[in-house]
Protein chains: 2
Amino acid sequence: MLSASEPNPMDALIRKLGSIATFSAEERQAIERLPVNVRMLHPRQDIVRDGSKPSQCCLLLSGWACRYKLLRDGRRQILSFHIPGDIPDLQSLQIPTMDHSVATLTEAKVAFISHESLRGLTECFPGIGEVLTRCVLLDAATFREWMVGMGRRDAFEAIAHLLCELYLKLQAVGLAENYRFSLPFTQTDLGDALGLSYVHVNRVLQEMRGKSLITLRCHILEITGWDELLRIAEFDATYLHLEQRAAG
Amino acid sequence: MLSASEPNPMDALIRKLGSIATFSAEERQAIERLPVNVRMLHPRQDIVRDGSKPSQCCLLLSGWACRYKLLRDGRRQILSFHIPGDIPDLQSLQIPTMDHSVATLTEAKVAFISHESLRGLTECFPGIGEVLTRCVLLDAATFREWMVGMGRRDAFEAIAHLLCELYLKLQAVGLAENYRFSLPFTQTDLGDALGLSYVHVNRVLQEMRGKSLITLRCHILEITGWDELLRIAEFDATYLHLEQRAAG
DNA sequence: CGGCATGTTGAATCTAATCAATCCACGTGG
DNA sequence: CCACGTGGATTGATTAGATTCAACATGCCG
């Protein structure tokens, strides 16, 4: 048995899955025993390329990653941000060809898990298969919310909404508290996620600071006006479908 | 056995599933025998409401439907369009609470199928479960493509892309050919799907007509410049993940 | 120290939204 | 048959939100 002081690399995944479903000690052990291939990756390194047919999935253990698509002239749309515990290309298990790319945003530790062993796991433990299906459906719920942001919210509302979302997602896996978290990527990345130019993102962030809604220094964001930000963003956490639990 | 002249209501579903996967005669029969509750619905009628916890799924048999979210002040974002064979709220099987609404756009025939019987079906036929999972993942792929449209394509490109997508989806289930199809909803709906105002949608459609890329009369769209439209939209059908087949 | 990436700010420009009419097809009722 | 009402499409004028271009500041790293 692993000692508490030497955390299993799968802890990030366990924590993530625990935030959206409950599962047994047996299932937990099976996850911990999955054969993985752990690697450190540089910032802004592609993990999976658009058009490829991966034979493994990537589980993010530390750092940030994103999914994105490029247009020919270089315009980029970031489709999602990913934090430890996420498996950004989980859908490749069911849909062989990637229709987008996955890349790191920061230095990141990634565990590669073969499709084969993931299939073995879900066959032995259908409950885990259901939780993983839940994961990809929750990604889709976030896509839907981002669509509302890009299509029908103005820049201020959209950024406010994204900041609330990121905080709650980080908090759910124990990576944020007290309305503070690390936002270690650039305003260009934020713009590419929201369909805005980096200049405009910058101005809106200034405006939020001016209204004392946030502070942002050295890539540490603090939401100082949480309730107000929720109100402006019309934020409703239903779409995150987080497991309600009594405590911690 | 059903005669050819009296089509089973599930034919729409069979055709849709056949466009994205292959399955056996046995599986096909099981689908045809699903107990359903068929109803005709008026145009612009809600089928499932945001926030509800449905105990059944709705299979669209004829007509058009959409998923959408509303902001408090009435701004609407359409998240997807649905055509016969689609099950817009399929994810409610795994995620109990709806984070958006589903509504008809036209008069529509809808088959309601209880979660219970769907679960029974996927337990007996795991292959069907996989195809259904594939369905919701394909929806997510379309969400991603729409995000690119809203965030990084201009209005002309985005509309061009949507028209190409709708044609191919209709064609895949035999509801369109020769670059012609019925587009029986309003320009306001198109705008709400693309994050544009209806006035602007109108102008762009004019421009497309001016360039002889499309004709649009009485809600019948003909794409007269398919290749050019594909080029402008930078359309790549990979994200539709349609099953490649020799013929028919 | 110099170079580079990121963040900040201003000015000009542009895309698309908004506001406001008007038009047209269609259905209804007198 | 025609007046009327309605929903959708179209067009023009104006405005707003966001982009683009450009410059400069800051901070980090070799």
Side-chain angles (χ1 to χ4, degrees), chain A residues 42-45 64 71 73-78 104-107 148-162 182-211 214-221 232, chain B residues 42-45 64 66 71 73-78 104-107 149-163 182-210 214-221 232:
Chain A
H42 295 295
R44 302 186 181 278
Q45 189 178 339
W64 287 73
L71 296 181
D73 65 1
R75 281 175 289 177
R76 178 178 67 150
Q77 178 65 47
I78 288 181
T104 60
L105 287 167
T106 66
E107 191 162 83
V148 179
M150 291 197 283
R152 288 297 179 234
R153 284 190 238 265
D154 66 27
F156 197 100
E157 296 166 337
I159 293 179
H161 200 280
L162 178 59
S182 157
L183 205 68
F185 45 83
T186 69
Q187 298 182 356
T188 300
D189 296 323
L190 280 177
D192 283 350
L194 295 159
L196 301 169
S197 72
Y198 68 90
V199 176
H200 199 54
V201 170
N202 183 278
R203 284 190 236 272
V204 171
L205 289 175
Q206 298 298 332
E207 198 185 339
M208 286 186 174
R209 281 191 271 227
K211 290 179 173 168
I214 62 168
T215 65
L216 181 53
R217 269 195 320 275
C218 310
H219 291 286
I220 301 290
L221 182 97
I232 291 168
Chain B
H42 294 295
R44 303 187 179 277
Q45 189 177 339
W64 287 72
C66 70
L71 295 181
D73 65 2
R75 280 175 289 177
R76 177 178 68 148
Q77 178 65 46
I78 289 182
T104 59
L105 287 168
T106 66
E107 192 162 82
M150 290 197 282
R152 288 297 178 233
R153 284 190 238 264
D154 66 28
F156 197 100
E157 297 166 335
I159 294 179
H161 200 281
L162 179 60
L163 296 181
S182 156
L183 204 68
F185 44 82
T186 69
Q187 298 182 356
T188 300
D189 296 322
L190 279 176
D192 283 350
L194 295 158
L196 299 169
S197 71
Y198 67 90
V199 176
H200 199 54
V201 169
N202 183 277
R203 285 190 234 271
V204 171
L205 289 176
Q206 298 298 331
E207 199 185 339
M208 287 185 173
R209 280 192 270 226
I214 61 169
T215 65
L216 180 54
R217 271 197 317 276
C218 308
H219 290 287
I220 301 290
L221 182 94
I232 290 168

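Chain identifiers are assigned alphabetically (A, B, ...) following the order of the sequence lines, protein sequences preceding nucleic acid strands; residue numbering begins at 1 within each chain. Because the structure is predicted, anything quoted here is derived from the model rather than measured.
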- Would a distance-only check, ignoring hydrogens and angles, find a side-chain to backbone donor-acceptor pair under 3.5 Å from A:Arg152 to B:Leu196? yes
- Task: Ignoring backbone atoms, establish whether A:Gln187 has a side-chain N or O less than 4.0 Å from OP1 or OP2 of C:dT8.
- Result: yes
- Any donor-acceptor pair under 3.5 Å linking the side chain of A:Arg209 with the backbone of A:Leu216? yes
- Note on the structure: Winner on side-chain proximity to A:Asp154, out of D:dG8, D:dA18, C:dT6, is D:dA18
- Task: May I have the distance from A:Ile220 (atom CD1) to C:dG7 (atom P), rounded to whole angstrom?
- Result: 13 Å
- Remember a base hit wins even if backbone is also touched, and classify B:Ser197 as base, sugar-phosphate or nothing at under 4.0 Å, heavy atoms. base
- Item | Main-chain N/O of A:Ser182 paired to A:His219 side chain as donor or acceptor, under 3.5 Å | no
- Query: Separation of A:Ile214 atom CD1 from C:dG7 atom P, in whole Å?
  - Reply: 13 Å
- Tell me what A:Gly191 touches on the nucleic acid: a base, only sugar-phosphate, or nothing, going by heavy atoms under 4.0 Å. nothing
- Task: Provide, to the nearest angstrom, the distance between the CG atom belonging to A:Leu183 and the P atom belonging to C:dT6.
- Result: 14 Å
- Message: I'd like to know if the side chain of A:Gln187 reaches the main chain of A:Val199, judged simply by a donor and an acceptor atom lying under 3.5 Å from each other, with no hydrogens or angles considered.
- Response: no
- Length of the line joining B:Asp189:CG and D:dG8:P, which is rounded to integer Å: 8 Å
- Let me know the distance between CZ of A:Arg217 and P of D:dT26, rounded to the nearest Å. 16 Å
- Task: Would you please confirm or rule out a distance under 4.0 Å between OP1 or OP2 of C:dG7 and any side-chain N or O of A:His219?
- Result: yes
- To the nearest angstrom, the CZ-P distance between A:Arg203 and C:dT9 comes to 9 Å
- Message: Can you tell me if A:Arg153 touches the phosphate of D:dA18, counting only side-chain N or O atoms and a distance under 4.0 Å to OP1 or OP2?
- Response: no
- Between C:dA17, C:dT8, C:dC19, spot the one nearest the side chain of A:Asn202, thanks. C:dT8
- Task: Would you please test A:Thr104 and A:His42 for side chain to side chain contact (heavy atoms under 4.5 Å, CB included) and show each step?
- Result: CA-CA 7 Å; A:Thr104 60; A:His42 295 295; 5.8 Å; no
- Take atom CE of A:Met150 and atom P of D:dA18, then tell me their distance rounded to the nearest Å. 14 Å
- Query: Between D:dA18, D:dG12, C:dT8, which nucleotide has the shortest distance from any of its atoms to the side chain of A:Ala155?
  - Reply: D:dA18
- Base, sugar-phosphate alone, or nothing: which one does B:Leu205 contact when heavy atoms must sit under 4.0 Å apart? nothing
- Please figure out whether B:Tyr198 or B:Arg152 has its closest DNA chain D nucleotide nearer the 5' end. B:Tyr198
- Query: Please give, in whole Å, the distance from D:dG8 P to B:Asp192 CG?
  - Reply: 12 Å
- Message: Looking at C:dT8, I'd like to know if its phosphate oxygens (OP1 or OP2) sit under 4.0 Å from a side-chain N or O belonging to A:Gln206.
- Response: yes
